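Structure first, commentary second.
The sequence lines fix the lettering, A, B, ..., with proteins before strands; numbering per chain opens at 1. Treat the numbers as computed from the prediction; the structure is a model and nothing was measured.
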Amino acid sequence: MNATLATPATTSAELQYLLRIGDSSLILGQRLSEWCGHGPILEEDIALANVALDLIGQARLLLSVAGELEGRGRDEDRLAFMRAENEYRNLTLVELPNGDFARTMLRNFLFAAFQVPLWDGLRVSSHAEVAAIAAKSAKETRYHLRHAADWTVRLGDGTEESKQRMQGALEYLWPYTAECFTATAEDQEVTSAGFGVAWSTLQPHWERTVLPVLEQAGLKVPARTPFVSHGKQGRHSEHMGHLLSELQYLQRTYAGNQW
Amino acid sequence: MNPREWPLWEVFVRSRNGLDHKHCGSVHAPDPTMALQMARDVYTRRQEGASIWVMRADQIVASDPEAKPEMFDPAEDKIYRHPTFYRLPDEVNHM
């Protein structure tokens, strides 16, 4: 890898903050599209592809704004397909492998429950375009939340096997949710500028959404541990490189190619 | 029906400008809530809908195709049942 690619090119807090949101949507959209053609039933296969496309749509809008903020002529495609791994700012949670249907659904639930208050906070962003994207995305996310919460309860409160799989998924994913709410200098900066909302303040809202559903599903919430992942600082898990090699393959091979 | 399979639901969608719900297909789902969500995801992806109905396919009572002659053919030559023999006043439009 050459040295210029490895150096994060962008530094401003607002830009990093937008990349965190846009990249999280992008990477989960990529993960969910792996289900295309593999859903447990036709209807759910389509539902998962719908969610994936909603997320990729959010990423397109946010990365376009990020590209403008950066002012180096990078558009949504350049940002989505041509960055090095450590320039992606997504939560580690969304890059983890899909696992089984239970884990996929539970992750969608945990992430949508995070996005809902995030979009609500961004609706009043000082950046008009970001506010508009948040308002549009909030509707999509509310449906994702409903869909995934429904499955969480069904599987958690279902058969012995589905319950066991859901509980396993919760134990696997839960430690990665801590990263959503860690405080960063960027958060402080964008909050005082009225640009965004500090992610650490979203935790109470998230818990009010998540905990009752987990309880209804009969799942046992794991104890918090000191483990914190660092995807939003560009330090990713071992799964990210494999995901990116698939995501970036076409643009890396035929740079600038368009449909 | 195989008891291990989810039942079939018929889906009716009212389009944005439409007045009535029209049958548009079917989905498999274990219960009404999920049938509605499945219908939303399968049949309203391209802004087709403003409202959805779903109903269990096995709850529909249908006429027997074999009984078509006695059910429907007798209406063929009863043209007097069409209200086309009345002169409508000009004020009554859009009938």
Side-chain angles (χ1 to χ4, degrees), chain A residues 28-29 32-33 35-58 101-102 104-106 108-109 112 136-163 165-166 212-213 216-217, chain B residues 1-68 71-72:
Chain A
L28 186 56
L32 288 180
S33 55
W35 273 102
C36 194
H38 301 275
I41 48 164
L42 176 72
E43 290 86 342
E44 197 54 45
D45 196 275
I46 297 174
L48 280 167
N50 286 350
V51 176
L53 287 171
D54 284 349
L55 290 166
I56 291 168
Q58 294 166 6
F101 186 71
T104 297
M105 272 304 146
L106 184 68
N108 280 6
F109 169 61
K136 171 195 177 287
S137 304
K139 292 190 222 167
E140 296 168 346
T141 301
R142 275 203 298 276
Y143 186 78
H144 303 168
L145 181 65
R146 184 206 287 205
H147 176 247
D150 197 72
W151 272 114
T152 301
V153 173
R154 275 165 199 280
L155 296 176
D157 192 23
T159 65
E160 199 155 318
E161 183 178 359
S162 72
K163 186 186 188 67
R165 284 175 181 247
M166 243 327 158
V213 171
Q216 201 191 337
Chain B
M1 188 185 71
N2 179 347
R4 292 183 63 84
E5 268 185 21
W6 290 348
L8 193 66
W9 302 73
E10 298 301 332
V11 179
F12 302 83
V13 170
R14 181 164 68 76
S15 65
R16 295 190 153 200
N17 306 314
L19 295 173
D20 49 356
H21 288 71
K22 289 208 170 80
H23 182 246
C24 63
S26 53
V27 293
H28 287 277
D31 60 30
T33 310
M34 189 159 284
L36 260 185
Q37 290 187 11
M38 300 290 195
R40 180 263 189 196
D41 282 321
V42 176
Y43 292 109
T44 63
R45 305 173 71 221
R46 301 179 186 88
Q47 301 188 307
E48 293 94 335
S51 167
I52 304 174
W53 290 348
V54 291
M55 71 177 296
R56 283 277 296 252
D58 60 11
Q59 294 292 307
I60 293 177
V61 183
S63 63
D64 178 2
E66 302 263 303
K68 217 174 133 209
M71 291 279 276
F72 306 112

* Asked: Counting distance only, does the side-chain N/O of A/E43 pair as donor-acceptor with the main-chain N or O of B/D41 below 3.5 Å?
  -> no

In terms of heavy-atom pairs under 4.5 Å with chain B, the winner among A/E44, A/R154, A/H147, A/R146 is A/R154

Whatever's closer than 4.5 Å to a heavy atom in chain B on A/L53 counts as side chain

>> With a 6.0 Å cut-off (strictly less than), is the heavy-atom count around CZ of B/R40, excluding the residue itself, greater than 12?
In response: yes

Rounded to the nearest 0.5 Å, the CD1 atom of A/I41 sits from the CD atom of B/E5 at a distance of 11.0 Å

- Query: Given side chains that start at C-beta, do those of B/Q37 and A/D150 come closer than 4.5 Å, heavy atoms only?
  - Reply: yes

